[in-house]
Amino acid sequence: MGERDDPHGVFGALMSGYDRLTRRLTRRLGTVADAQDVMQDTWLKLARAQDVQDISSPGAYVGQVAENLAIDRLRAQGVRERYFTTAEFHDRPADLPSAERIVDFRQRVARLESIIADLPARQRQVFLMHKFDGLSHSDIASRLGISRSAVEKLIMKALAQCRDGLGDLLDDL
């Protein structure tokens with residue numbers, strides 16, 4: 001029988017006292033998730049420890065290992081709180097884009113600006129009125145004194161040129 005199967009060893013003590021120890025750690029740390037993390041760290045520490053089968057009081061040993069890991073966790077949390085204000089620490093989005101993604105996005109925007117700038121004047125005007133000013137085809141037609149059909153054709157041509165100009169960059173999305 002291995003040391004992890006011994007009901008009287010540290011792993012047996014960990015398993016038999018798991019719920020009680022988790023409750024105690026939850027009160028100390030404030031959340032069940034933190035307590036469960038400490039319990040997992042306790043198991044890992046015990047798994048790496050040498051000669052745990054020679055411990056005379058496995059329950060007390062497991063409790064002390066868990067308590068020490070909880071103290072370490074609270075100290076680390078205190079250090080984080082000293083260096084980061086609550087707003088800086090909690091209000092930051094979890095998935096900030098990487099520098100590479102920011103550069104890639106800026107390149108795409110610069111390319112699109114260049115393509116739009118190279119559109120024929122009337123196409124560019126109609127395209128910008130529709131896409132950036134949010135005007136309908138009918139509104140653009142009445143403002144420019146052209147038919148709605150002409151507006152639709154100009155927008156379609158502008159979109160086609162944008163798509164063609166961004167072709168290789170659109171494949172990467």
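Computed from a predicted structure; not experimentally measured.
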With sequence neighbours left out, the residues meeting side chain to side chain donor-acceptor pair (under 3.5 Å) with Q125 are R122
For Q64, the side chain to side chain donor-acceptor pair (under 3.5 Å) test, sequence neighbours excluded, returns N68
So salt bridge (charged side-chain N to carboxylate O under 4.0 Å, His left out) across residues 133-156, not counting sequence neighbours, yields R148-E152
Report task. Not counting sequence neighbours, list each pair that qualifies as a salt bridge (charged side-chain N to carboxylate O under 4.0 Å, His left out) and has a residue in residues 29-42. Result ->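 Checked against salt bridge (charged side-chain N to carboxylate O under 4.0 Å, His left out) - neighbours excluded - the pairs reaching residues 29-42 are D34-R73, D37-R73.
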Heavy-atom pair of closest approach, residues [X] and [Y]:
{"X": "I116", "Y": "L128", "answer": "CG2-CD2, 4.0 Å"}
{"X": "V38", "Y": "A66", "answer": "CG1-O, 3.5 Å"}
{"X": "A158", "Y": "L119", "answer": "CB-CD1, 3.9 Å"}
{"X": "Q161", "Y": "P120", "answer": "OE1-CD, 3.9 Å"}
{"X": "C162", "Y": "L112", "answer": "SG-CD1, 3.9 Å"}

- Query: Got a second to check how far I115's CD1 is from E113's CD, nearest 0.5 Å?
  - Reply: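 Taking CD1 in I115 and CD in E113, the distance rounds to 10.5 Å.
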Exercise for review: Please round to the nearest 0.5 Å and tell me the distance separating atom CG of D118 and atom OG of S114.
Suggested key: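 One finds 4.5 Å between CG of D118 and OG of S114.
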I'd like to check the side chain to side chain contact (heavy atoms under 4.5 Å, CB included) partners of [X]; sequence neighbours left out, ordered by chain and number.
{"X": "R24", "value": "R20, L21, R27, E67"}
{"X": "T26", "value": "T22, V32, A35"}
{"X": "R106", "value": "I102"}
{"X": "A60", "value": "S57"}

* **Pairwise ring-ring contact (aromatic ring centres under 6.0 Å, His included) hits with a residue in residues 98-135, at least two apart** =>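 Checked against ring-ring contact (aromatic ring centres under 6.0 Å, His included) - neighbours excluded - the pairs reaching residues 98-135 are H130-H137.
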Are the side chains of M39 and L69 in touch, meaning some heavy atoms are under 4.5 Å apart? no
Legend entry - Non-hydrogen side-chain atoms of M15 and W43 separated by less than 4.5 Å: no
Same apolar cluster (I L V M F W Y, side chains within < 4.5 Å links), L46/L44: yes
Using the rule that Ile, Leu, Val, Met, Phe, Trp and Tyr join whenever any side-chain heavy atoms are under 4.5 Å apart, tell me whether L159 and V151 fall into a single cluster.
yes
Derivation and outcome, side chain to side chain contact (heavy atoms under 4.5 Å, CB included), residues L154 and I146: CA-CA 11 Å; L154 289 167; I146 59 177; 4.2 Å; yes
**Asked** Other hydrophobic cluster members with V103, side-chain heavy atoms of Ile/Leu/Val/Met/Phe/Trp/Tyr under 4.5 Å, chained?
**Response**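 Joined to V103, directly or through intermediates: none.
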